[in-house]
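Below, chains carry the letters A, B, ... as their sequence lines are ordered, and counting in each starts from 1.
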Amino acid sequence: MPPPIKDHLPLKPVDLEILLALADGDLHGYGLVQAVATHTDGLVTLDPGNLYRVIKRLLETGLVTEAGKKASADAAGERRKYYALTPLGGQVLSAELERLRRLVNATATRAVARKLAQ
Amino acid sequence: MTRTFRLLIALFPRHFRETYGADMQDVFRDQLTAARASRTWTAVPVLWARTALRMTGAAMREHRSGHPFLRGSAMMDFFHYDLRFTGRALARTPLFTAITIGAIAIGIGAVATIFSSLNALVLRPIPGTTDGHELFTIDRRTEDHSEGVSASGALYQHIRTATRALDDVAVWSRVQLSMATGEHNLAVNGAIVSSNYFETLGIRPATGRFFTHDESIPVVVISHGLWIRHFAGLDNVGGRIITLNGRPYTVIGVAPEGFRGVFTPLRMDAWVPLSAQPHVRPGRDLAHAPWLWMFGRVSDGIAPDQARAELTTILRAWTTSDGADEYKQYTVFRFTPLTGLPDDARRALLGFGGLLLGAAVLVLIVAGANVSTLLAMRATARRHEMGLRTALGAGRGQLVRQLLTETLVLFLAGAAGGLLLAWAGTSALEQLKLPGDAGLMLELSPDLRVVGVTAAIGLLAGLVFGLGPALRGTTHNPALLIRSATAGSGTRRSFATSALIVGQLAASLVLLSTTTLFVRAIAHGSTIDPGFDRENVAFMPFNTESFGYDADRSAAFYSTLHTRVKELGGVTDLAYGQAGSLLAQTSGGAVTITRAEGDERLRVEQTLVGEGYFRTLGIPLIEGRGFDAREMAADVAVVSETFAARAWPDRRQVTGLTFRREDRTVTVVGVAREVKFGDLDDPATPFVYLPLRANQMNQILFVRTAPGTARMETAIGVIIRDIDAAVPVPTMFLLSEESALALLPQRVAAMVTSVLGGGALLLACAGLYGAIAFLVAARTREIGVRMALGATPRDVVQLFLSDGLRLTGVGVAIGLAGSIGAAQLVSGFLLGGDAFDPASFGIAALFLITVATLATFAPARRAAGVDPCNSLRGRVSLHHSICWSFFQHGDHGSP
């Protein structure tokens, strides 16, 4: 029996970024680096070591799976290993996004945001 | 990029890097491509720096996550706290860090360079072999091991079938081959080997296969180098036909990269099986003549001594049963590890290398002592910090651990720098011109063993030289430390510091005087008269066997060559021979002198010489004459003075007398003056010159030219090509240059000891300078008091100068004693020069004293510039604060 979805929550920021990137479609390692960089306006640039530590963790928890080797369009057609979101990964991602949405929309959060903005 | 990046990947746990290593490389390659495309010049370096830092961190975390028990353990504390703190501490004093690491790198680099060379030449097993420690050279020797003989084919076959203690035995011998490559032939160093040669070594082919026991057609295995150079590394090289010595051979395989046969200084390019002997060594008797070198693999669980005993028993039984064996006096075998060098050369090199290693260790001691002094001063400068940390609750153990960590990090960084120096040093040594063969080539670069030993030396040196300062730096109680740290009054040079500086000076002096000894030996060596005239003689070695000639064709070739070269302008004399330089190989043998009171056996060195040989080489004949053209097949000989004196001590004239050699009666026709073939300090051995038969396949052509004549290499090359266009033209050597190489050991020793001595002196003087400068800085207040009480600047200079000179004096005294001892050790290499050479020692000592005085004078003069008012008010000079900040963290403030 796999651990329930809420055991995966909250997601680490990097994990969330990776899962978000994969929600748009399968990606290889460098594709993930690029997607995360674009999505965070260059705030998060992953190095290969930390990238694969995250991937290893996501593979172990079953949120991500390997999607086989494919020729990549942006690396001169070299064959790269692609990663895909698992159904569980999708559920965890949507649960996390829902949690974040509720956090952002909560009355208390808004009050704090208003106060800080002044 | 890949190699550097792979280093980063290697930091990760094995499982992780095996799973993701290749993917990480892909990602980084893409990132690099993108960075390069970005047109910002900082993009690539920034990416490298960021990636290196983050990958290191990621690797650490990955290690930790794999071992939950490491979390919070002392080990992780070490990595997380001590290492990080050390990094910060060292980064704050960059000059100190750089100088310290540099000094250690010099010391460790010296040791690593010499050790790496020794390791490559005599210690490591032949590259590519499996279980190299089981392989042994098997030498047939006389009972007392003084003389040896190679194995015959028959003996080899017998041993191979009879032995139980050896897994396998193989034999080899050198052959000169020439390979057809279009127009001209290429001279190739080859070996003729038993079919199990590669199997016994445990070598796997790079491609193709090695020999089987029954090759039906002529086959050859080629070296990796030849494969790349001439077949562009093609996969399907097997089955290709190449022409060797005029006959087609089928290439069946390629030896692995870096494999050079079992005599590693010589680049070997082709191996043919024993079945090729009638073609490549036509004159040889495969069954009975001893010309094969034997080596074997000792079986598991059998000691080499057991195997040797077994083989000796087999040999004794065989010599008594086989009547054909003429070498009955060679009754035992000697086993020596198969390391790519013959045993004698190996021993000589070990002895020589051991001396150089000793010199390098002296440099390491100097460097270590130097750094130890620096560390002690740093500890003094940091007493305030240490006191503060103790007061805040740090245990002494913690502080010592912190200081030791710093020291070890410094020494390990130094070891890494030393390894880099060793790469550079060994490649410099590889450039040395070696005597003789053009195919000789050294490969000395460090391997994994050297890296390991270097790291171990770094750690050991760190403990030896770092433990003292670490312990001393934390001894005192915090209150004392904090108080005394303000403007070090009463800082005296401690006994330990003095001892370290004296030690450095003494060790430098030992190295310097040894250098002087070697330089004087070289000067002495070049004046030794070798007995022949080295000037204006060139020589060219030929081996017509490798041209694919038979005896008749060979004789015709030599005869035509002689006639044509004689006609060249500038040639005054020429002759054939088989030896003629200081590095010549002559062969040992024995003759029998018949006397009234009984026969006497005389051990001699012998060589074959042709007509005109003595004239060409300028060897004076004291009595009689040289050989003339008609007696080249006769039983005549020219003997050396020593021979005449030993054989017939009571005869004033010996021409016409006879001796017996190999069952023939030989008549003496002349007596030649003593020459030194081989070694310069060779004691005179009885020497016999025998006529060189016209059908001899390998001959050396000696050509004497009129002074001022240009090199004849091209002219003779044209003649050779004219006689036979396919023949490879041999390299021409000048006798003067070749003979100069006889001083190679002395030159190498002088070069190495002078570099080491220079480095050591530099370190020692830097140490002396630093110590005095530090004392000046630490005693500023005292100087101020002295000057306020009436001391002149001169008095102050004198105070420090005499301090430095006292140290120098003690160092010189100890160094001279050490030099005398070291001279005894190197006396074997001084070519008969006196090891106790007061002039050499005097020159070295004088030089050291001069340099040391200068090193003391500079900081001492600065002391005289102290302003008493400022120093008493606690204001410090710029020099003082620089000196202080050199050792201390910025944020703890200077006193």
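Atom CZ of residue Arg53(A) and atom OH of residue Tyr20(B) lie 11.5 Å apart, to the nearest 0.5 angstrom. Of the inter-residue distances, the one linking Glu62(B) atom CD with Tyr52(A) atom OH reads 14.0 Å to the nearest 0.5 angstrom. In this structure, CG on Leu51(A) lies 12.0 Å from CZ on Arg54(B), to the nearest 0.5 angstrom. Note that CZ of Arg80(A) and CG of Asp26(B) are 4.0 Å apart. Values are rounded to the nearest 0.5 Å. Taking CG of Asp23(B) as the start and NZ of Lys69(A) as the end, the distance is 7.0 Å to the nearest 0.5 Å.
Contacts of Thr33(B) with chain A are absent, with no heavy-atom separation under 4.5 Å from either backbone or side chain. For Arg50(B), the part sitting under 4.5 Å from any heavy atom of chain A is the side chain, from C-beta outward, and nothing else.
The shortest distance between side-chain heavy atoms of Phe28(B) and Asp47(A) does not fall below 4.5 Å.
Around atom CG of Leu448(B), no more than 12 heavy atoms belonging to other residues, nucleotides or ligands sit under 6.0 Å away. When the shell of 6.0 Å around CD of Glu18(B) is examined, it contains more than 12 heavy atoms from other residues, nucleotides or ligands.
Ranked by heavy-atom pairs under 4.5 Å with chain B, the list Leu32(A), Thr45(A), Val33(A) is led by Thr45(A).
Closest heavy-atom contact between Asn50(A) and Ala58(B): OD1-CB, 3.4 Å. Looking at every heavy atom in both residues, Gly49(A) comes nearest to Phe16(B) through O-CZ, 4.2 Å.
Between the Gln31(B) side chain and the Leu46(A) main chain, a donor and an acceptor come within less than 3.5 Å of each other.
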